[in-house]
Structures are given as C-alpha cells and as structure tokens.
Amino acid sequence: MTIEKQWQTICHKDDLVKNSGVCALLANQEQIAIFQVKDEMYSVGNWDPIGKANVLYRGLIGDTKGDIYVASPLYKQRFVLNSGKCLDDDSVSIKAYDTRLQNDEVQVLV
Amino acid sequence: MSAKQKIVVVGNGMVGHHFVDEMAKHEGYEITVLSAEDRLAYDRVHLSEYFSGKTADDLALTTPEHYNELGVKFFTDAKVTNINKAEKVVSTETGDKYPYDKLVLATGSYPFVPPIPGKEREHCLVYRTIDDLDAIQASANSGKVGVVVGGGLLGLEAANALKELGLQTHVVEFAPQLMGVQLDKDGGELLRNMIEGIGVQVHTQKATQEIIDGEDCVHRMVFADGTHLETDLILFSAGIRPYDNLARDFDLQIGERGGIVVNNECQTSDENIYAIGECALWNNFIYGLVAPGYTMAKVAADNIIGGEQQFTGADMSTKLKLMGMDVGSIGDAHARTAGAQSYTYFNEPDDVYKKIVVSADGKTLLGAVLVGDTSEYDSLLQYALNAIELPEKPDSLILPSAGEKPTLGVDALPESATICSCLNVTKGDIISAIDAGACDVAAVKSCTKATTGCGGCAALVKTVTDHELEKRGVEVSTDLCEHFAYSRVELFHIVKAEKIRNFDTLIEKHGCGIGCEICKPAVGSILSSVWNDYILKEDHLPLQDTNDTYLGNMQKDGTYSIVPRMPGGEVTPERLIVIGEVAKEYNLYTKVTGGQRIDLFGARIDQLPDIWEKLIAAGMETGHAYGKSLRTVKSCVGSTWCRYGVQDSMAMAIFLENRYKGLRSPHKIKFAVSGCTRECAEAQSKDIGVIATENGWNLYVSGNGGMKPRHGDLFATDLDDETLVKYIDRYLMFYVRTADRLTRTSVWLENLEGGLEYMQKVVIDDHLGVNAELENQMQAVVDTYQCEWKTTIEDPKQLKRFRQFVNSKAVDENIEFVTEREQIRPARGEEKRYKGVQIHTVDISEPEAETV
C-alpha cells in the first residue's frame with residue numbers, strides 16, 4: 001500500500017517570523033521548523049540529530065554557494081533547507097518538506 | 001616543611017632582572033635583590049629613546065608591584081660591600097646583612113674613561129645610566145657643541161643622542177675607522193660618509209692628549225698630532241670595564257684584564273657564587289651585549305634548581321639602526337679565518353655596501369658586513385649560524401635582484417636554528433608552539449616570548465610562523481566570512497561612517513548573499529554597540545544567536561537558564577525570596593554562579609515571559625548572562641563591612657555594573673572590584689579589575705580566567721572615581737571598536753600592536769585624539785540602556801515568539817527531567833521515554849488534509 005502525500009495547513013502567514021524560524025506540530029505529532037527567508041518558505045524537521053533536541057527552528061539562517069541553510073543553535077552544524085542535507089556531517093540529515101502559501105495559510109506537504 | 005633556599009642577587013640591571021624573572025618561575029626559593037642604583041631594572045638598550053620622549057617609567061623593565069607579585073624582596077640604594085663566603089652572608093654599605101644559599105653577582109660594567117689629563121672637568125660625562133642622561137641633558141642646555149670620544153657602536157648611539165639634543169656633534173675616534181669591531185674598512189668609510197652627511201663631524205686617528213680651557217667653548221681637546229677641537233660637552237664612550245671589585249676584594253678568581261671568571265655553569269671560583277652578564281668573564285671573554293647576558297641568567301637559574309644547561313659562548317652578530325642608517329655585522333667580518341674569501345658589492349650613489357666572507361671551499365658563510373641596507377641580514381645570519389651550504393654563486397645573495405635571486409626558504413632552516421637570539425627561541429620552539437595550538441604570530445609570540453627582546457627578529461618570526469601555518473593548511477585571511485570581505489574592525493567603521501542602521505543595508509552595499517551564523521551576530525553586535533537599538537526589533541532579530549533571540553542561555557535539551565542581574569552580587573532578602581518562589585513554582589534547578597548571582601535552569605521557552613514578569617515585578621532586571629556583553633562586576637564588601645577595606649568597593653562595583661550593563665561587545669566582559677590589596681574579588685583575573693588603594697583605585701586591564709588564564713596588566717594607579725570611570729569608558733569602547741569577533745580583551749590586547757603601552761598612550765595621553773568621541777559613544781550607550789526583558793514582556797508581538805508551536809499549546813515532549821540531590825536535571829538518553837524522531841505514518845483522518 002502506498003500512502004499519498006497531502007498538504008497540511010499549519011498556520012497563518014503572520015505566524016511566521018521574517019528571516020527566522022517558528023516551530024509547528026504536524027498531525028502525527030512530529031515537530032517541524034518553518035523558515036521564512038526573504039519571500040521564500042522552507043520546512044524541515046525540528047529535531048537536531050546531533051544535539052538531540054527539538055531546537056532547529058531557533059537556529060540562524062545563512063547561505064553558502066547558493067545553498068540556504070539553518071545552523072543548529074546547539075553545535076552549529078548546518079542543514080540545507082530544501083534538502084535536509086547536513087553540510088558538516090555526511091552521516092546525518094533531516095527531513096525537508098515542500099511548503100506553500102494558500103490563501104495566506106501556510107501548508108506543508110506531508 | 002623544608003626552609004626555602006635563599007637566593008641573593010647583587011645588581012638589578014637588565015641581566016640581573018632577567019635572572020630574577022627566570023628564578024621566580026620556580027617554587028621553593030626566596031629571592032632577594034640588592035641594587036646599588038636608586039631604581040629597579042630598566043632598558044639600557046633603548047636608553048637613547050629617553051631623549052626622544054620616553055620617560056624613566058617607559059624604560060622600566062619591572063616595577064615594585066611586579067616584584068611584589070613574584071614574591072621577590074628588593075632593596076634599592078643597597079650597595080653590597082662585603083661577602084662572607086664562609087658564613088654565606090653579604091652585607092651592604094649601611095651594615096644590613098643578607099644570608100644566602102646561592103649568591104648571584106650581576107653587577108654589570110662601567111664606562112671606561114681613558115686617563116686623559118682634564119677628564120675630571122665639568123661637563124665631561126659618560127653614557128650609561130638614566131642619571132647620566134639627566135646630566136647630559138643639563139650640560140647640553142648650557143652648550144652648543146658636543147664631542148663623543150669613541151666611534152664604536154655605543155659611541156655612535158651617544159652621538160645621535162647629542163645631535164637630538166640640538167648640539168653641533170663630533171665623534172673622535174682613536175682608530176682609523178668607525179665601528180672597527182663590526183665593520184671592515186670600506187664599510188666603516190661608507191658609514192662615516194653617511195654620518196657626516198647628516199651633519200656629525202667624524203675625526204679618526206685622533207688621540208686626545210689633554211683637555212684644557214677653550215677659547216670659544218668650555219673645553220679645548222688637544223690631540224697628539226697637534227690639532228685641537230673646542231667643545232662644551234665631552235662624552236666618553238671608549239668601551240666598558242666589568243664591575244668586579246667585590247670579587248677582587250673577596251678572593252674570587254679574576255681575569256688578567258678584569259672580569260669575574262666563570263665556568264660553563266656561570267659559577268665563579270666559589271661554587272655557591274654565580275656571576276652573569278657584563279661582570280662575568282667566560283673563556284677569557286666579556287660579552288657586552290644583552291642577549292648573551294640573558295642566556296647566562298637562564299643558565300645560572302637552571303643550575304641553581306639542579307638543571308644541566310651550559311653557557312657555551314654566544315654569537316656577536318648584530319644588526320641595528322644608527323642615526324637612521326642600517327648597519328649589520330655577522331661573524332668574521334674582517335675575513336680573518338685562514339683561506340677566507342670575500343665578495344663585495346659597493347653602490348656609492350645609493351650608499352649601500354655589502355660584503356660576505358666565505359670559507360676556502362666556498363661552501364659556508366663565515367661573516368658579513370652590511371651598511372645602508374640590511375634586508376639580507378636575517379637570511380645571511382641563518383646561513384652562517386647553521387652552516388647551511390651556500391648557493392653555487394654566493395654573491396647572488398647580496399647582489400641586487402637583477403635576475404633570479406636565491407632566497408633562503410625558512411624550510412631550509414634546521415629546527416635548532418635560533419630565530420630570536422635575545423630570548424633564545426629556536427625554529428623548533430615556534431613549531432612546538434604551533435603544534436600546541438598557537439594559530440597566529442601573536443599567539444606564537446606570547447607562547448615563546450620571541451621578539452620581546454630587541455624585536456629585530458619580528459619579520460623572521462612572522463615568516464617562520466606563517467610558513468608553518470601554511471604547511472598545516474591554515475589560511476591567513478582577515479575577512480569576516482564569505483559574505484563580507486572586511487574584518488570586524490572595518491565593518492565597524494563602515495557602520496559608523498555611513499550611519500548604517502540595519503544588516504540588510506550593510507550586506508546590500510558592502511557584502512553578498514544573505515549572510516551566515518558568523519557575520520549576522522557580529523553585525524548585530526556592531527549595530528548594537530553603535531546605535532543601541534532594542535536587539536529584538538524586526539530588523540535585528542534574525543541576526544541574533546539563539547541566546548539573544550530568547551534572552552536566555554540555551555541548555556543542551558533546548559530549555560533555557562535565567563539569570564537576573566544582581567549588581568556587585570548584592571541582593572535583598574525580599575528579592576532572594578522572590579527568586580526562590582519563582583524557582584519553586586516553575587521547578588527550576590537553582591545554582592549560585594561564579595559571577596556572584598543566581599542561575600535558574602530548566603525553563604521551557606513558553607515559560608520565560610511569565611517567569612520574567614514575576615522577577616521584573618519584584619524590581620529585578622535582565623542579567624545579560626546570554627549576551628556578548630557585560631556579565632557581572634564581582635566584588636567584596638570593602639570598607640563598608642570589612643576590617644581591612646580601604647575603599648567602598650561595593651558601591652563602586654554596583655555603580656560600574658549599572659553603568660556598563662547592556663553594552664554589546666565582541667565578547668563577554670567581566671569586571672571585579674576589590675576593597676583592598678588582599679584582592680578577595682579576584683579583580684586581576686577580569687577584563688577590567690579595580691583594586692582599592694589608600695589613595696583611590698588601581699586599574700588592571702585584560703585579565704582572564706577560563707581556558708587561557710591571564711593576569712591583568714596594571715594600567716594606572718591611585719585614580720579618583722571620575723578618572724577611573726573615564727579610563728574604563730575609553731578602554732572598553734576602544735576594545736568594542738577594534739577587537740575581532742569573539743575575542744576577549746586579553747587576547748585582543750596581546751595581539752594589539754604596541755600592547756599595553758600603546759593603550760596607555762591612547763587612553764591616558766589621548767595619543768589618537770579620540771577620547772572625547774569614545775566617551776561620548778559610551779555615554780550614548782549608557783543613556784539608551786533598557787532592560788530587554790521589560791521591553792519584551794510589554795510587547796504582545798514579541799510574546800508571540802515565545803511558544804514552542806505556532807499551532808498547538810502542547811509542550812516539547814523531548815524535555816524530560818529526573819530528580820537528583822532534590823532538584824531536577826535533564827534526563828539522559830537511556831532515562832528518556834521520548835526517543836527523538838520516530839518513523840511516523842501519516843494520519844489520513846486529518847480533517848484539513850487535502851490529497852494531491
């Protein structure tokens with residue numbers, strides 16, 4: 001059986017913080033971090049696999065060679081927002097979700 | 001407990017002082033210094049700078065405070081007149097007795113004055129001590145013409161001093177040329193031409209027969225060849241003689257022509273008595289330079305503690321600037337070695353003369369003479385000292401670079417190569433320092449002390465360091481990060497000069513990309529130091545590290561700790577009770593910090609505003625424990641309660657903490673104020689340390705505890721309240737402006753060119769003319785202070801950010817505590833029920849879901 005992905009409505013666009021992150025709970029109780037970088041939105045898992053805490057939404061956003069990433073607020077490892085790839089440690093990665101705005105509501109593809 | 005060994009040091013010149021510094025590194029010795037002079041050791045190498053504005057204090061190598069810190073007893077005006085070798089006691093002119101286990105004679109030397117009739121006349125002086133310089137200055141004020149007798153290295157330096165004092169200056173030399181020891185005939189001749197070119201008359205082959213009354217000037221010097229020269233002032237600089245009279249009088253072996261005979265351990269003929277420096281005769285030779293003296297000091301100290309270091313002679317090569325002219329001499333400058341051959345390059349129009357002396361087989365460099373251009377000195381010296389094989393055409397080493405010029409790569413140097421000869425630092429020492437973590441020139445300098453003697457090796461130390469770092473793949477760039485090709489200092493100036501008030505404008509005009517976790521907080525800090533806006537304003541919020549974003553210190557599990565400010569560590573029982581009640585209500589782990597305040601751990605992000613509301617209602621404010629900013633001003637109770645306190649350190653600590661709280665800086669800043677010299681507040685380990693004296697406050701700067709402890713430097717003494725605050729304003733604001741990101745004041749000062757002395761000039765003498773600006777900027781920061789937590793809880797938009805989820809009131813399940821010693825602590829992995837992110841299945845009953 002395959003499970004088809006669905007858009008989940010998370011919050012109003014005004015709940016986001018410009019050039020910073022917020023945290024939300026998916027229906028399955030999983031935590032995600034949602035970032036607004038200029039006019040783009042990105043969603044990734046909120047769990048820091050290295051620091052082992054739900055904190056990624058509190059990290060600083062940066063870019064390097066075209067990749068936009070969040071740096072963990074605990075030990076500074078960088079995770080690319082549109083892929084979940086960790087730039088500093090190949091052995092870990094986080095989930096990345098498609099994100100869109102629908103009638104001013106933020107939706108995440110789960 | 002065994003009694004401490006008593007070490008008595010006679011003489012406190014540069015070498016005697018160096019011995020004290022070396023000896024004080026070891027425990028178990030009681031060091032006593034007896035100096036016949038009325039001041040402690042000072043720098044005689046740079047003595048002439050006394051006339052170009054340096055004071056006796058500038059030249060001082062140590063201070064009573066420093067010796068006190070080292071636990072060294074010292075007595076000035078204490079001339080030793082007796083040594084009782086059998087009972088091991090020395091006594092002074094005044095009859096005071098000092099027993100010793102080991103006696104170290106560092107009595108130095110005195111200027112030789114040739115036995116010329118008339119040498120006792122008024123205004124006939126020598127050039128050796130600060131007192132001599134005062135006498136020279138006084139004489140110069142009443143005359144127009146000055147003569148230096150002696151055309152050696154010291155004589156020319158003295159001639160420069162007379163010239164700077166405005167005298168019409170002459171040099172009279174007995175030999176046919178200047179600097180006969182170091183230079184050959186042609187080199188001496190060129191130097192003479194250059195010196196005469198700047199108006200100093202040189203008279204060689206002149207033997208002074210007598211000094212009589214002059215007609216136009218005070219004196220007339222009559223020479224053996226019948227000529228004469230009139231002058232108002234005569235300075236004798238005809239060599240030195242060892243001060244060995246103590247050894248003579250008390251039966252220590254003396255050389256035929258003077259000097260206290262020492263062996264390779266620097267011991268005299270009495271094994272409990274050592275002699276070092278210019279009073280010591282080693283291998284029938286007296287070394288008149290400071291570097292061999294320093295080596296002797298080290299050897300003597302090592303032997304006293306039971307070590308086996310030996311003094312085996314020293315290289316007398318020298319490089320210096322005389323009256324603005326570069327002169328260098330290496331090894332066998334006169335080609336006296338059998339079979340030696342020379343190569344010479346002489347460029348008369350440009351006043352450059354270079355000669356190298358090579359061995360008969362042409363393979364090794366024996367010596368060199370450089371006049372007018374000493375740029376090759378460092379590499380030539382390394383060839384000579386390490387017997388590195390010369391290139392096929394040795395003259396290519398000194399010829400102007402018409403074509404390929406072989407350069408001596410520092411790689412070719414063996415690890416045993418001496419890089420800094422004053423402090424005897426080898427290439428191997430520099431490599432060890434780098435291996436131990438030194439990652440720039442400043443760190444290497446502070447580790448090895450290289451360059452801190454004459455400073456002549458600075459360029460070579462930098463080359464070796466950079467080269468070793470490059471070998472290890474360390475890139476040397478001062479760019480802040482890939483988004484800004486500027487250092488923090490440059491960005492600070494840009495922000496100030498262009499009045500830039502937010503990150504977006506700055507990166508648009510001067511950077512690229514969107515920024516990163518390095519430049520954002522750095523720029524956030526700069527903007528805050530300059531404009532002091534609320535740091536969580538919409539523009540600034542995305543720049544802050546998480547600690548600043550949520551105004552707390554994030555702990556390993558994502559909770560925060562809370563630290564209310566307690567200026568000076570003072571707290572009323574009422575507030576203490578409120579803190580206790582809050583901790584109890586929210587079940588927070590409670591601990592007293594090293595900075596004399598209380599830290600409450602384990603608050604969830606959503607609890608922070610409520611907690612702060614309660615603390616603020618009780619009259620408390622944020623402690624900035626999360627910021628790169630002023631942390632605490634530690635204090636003792638001082639004269640308010642303590643029997644020993646001499647000033648009200650409590651009131652001063654509270655005043656200072658309230659003044660500088662909220663100042664954003666390159667790194668955290670810690671203060672302390674002690675009420676007396678017992679120093680209970682440990683002020684000397686703080687960025688800014690204030691210690692009460694009977695007359696006011698002593699200010700210490702750039703101390704550090706933590707990873708790399710550093711004793712604060714005494715910056716100024718006996719300050720009144722107002723001056724103290726002014727100096728701190730200026731010092732801190734200068735640091736905020738010029739330090740690199742995440743650099744504490746200790747490292748900053750050590751890396752700053754000119755170091756402490758430079759900062760004293762800037763802050764005390766207003767050397768740069770910026771003090772008014774620094775004070776105004778600090779005052780602006782003080783005037784715009786706000787408690788960030790108060791502003792935050794009054795702003796509903798801000799409060800919205802303090803929630804774990806934008807779409808749920810649930811709490812983070814990963815935050816779990818267990819109880820230990822009656823308080824909470826974060827549960828460890830194996831103690832947790834929550835196991836992080838699991839594989840989840842999608843809940844298709846979610847009503848808002850929509851199939852794609």
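The sequence lines fix the lettering, A, B, ..., with proteins before strands; numbering per chain opens at 1.
In this structure the side chain of A/Asn54 never reaches within 4.5 angstrom of the side chain of B/Glu813, judged on heavy atoms. Residues B/Phe805 and A/Val22 are not in side-chain contact: their nearest non-hydrogen atoms beyond the backbone lie 4.5 Å or more apart. Proximity of B/Ile518 to A/Lys76: side-chain heavy atoms (C-beta onward) are nowhere separated by under 4.5 Å. In this structure the side chain of B/Asp545 never reaches within 4.5 angstrom of the side chain of A/Arg58, judged on heavy atoms.
Rounding to the nearest 0.5 angstrom, the gap separating the SG atom in A/Cys23 from the CZ atom in B/Arg803 is 10.5 Å. One finds the CG atom of B/Asn814 at 10.0 Å from the CG atom of A/Asn46 (value rounded to the nearest 0.5 Å). Interatomic distance, CG of A/Asn19 versus CD of B/Glu538, reported as 9.0 Å (0.5 Å rounding). For the atom pair A/Trp47 CH2 and B/Asp812 CG, the distance stands at 8.0 Å (nearest 0.5 Å). A/Leu60 CG to B/Thr549 OG1: the interatomic distance, rounded to the nearest 0.5 Å, is 6.5 Å.
The two atoms that bring A/Lys52 and B/Lys832 nearest to each other are O-NZ, 4.4 Å, heavy atoms only.
Ion pair B/Lys800/A/Asp14 not flagged as a salt bridge, since none of the NZ, NE, NH1 or NH2 atoms sits closer than 4.0 Å to an Asp/Glu carboxylate oxygen.
Annotation: residues 525-532 of chain B contacts chain A through no residue [non-hydrogen atoms, separation under 4.5 Å]. Residues of residues 61-74 of chain A having a heavy atom under 4.5 Å from any heavy atom of chain B, listed by number: A/Ile61, A/Gly62, A/Asp63, A/Thr64, A/Lys65, A/Ile68, A/Tyr69, A/Ala71, A/Pro73, A/Leu74.
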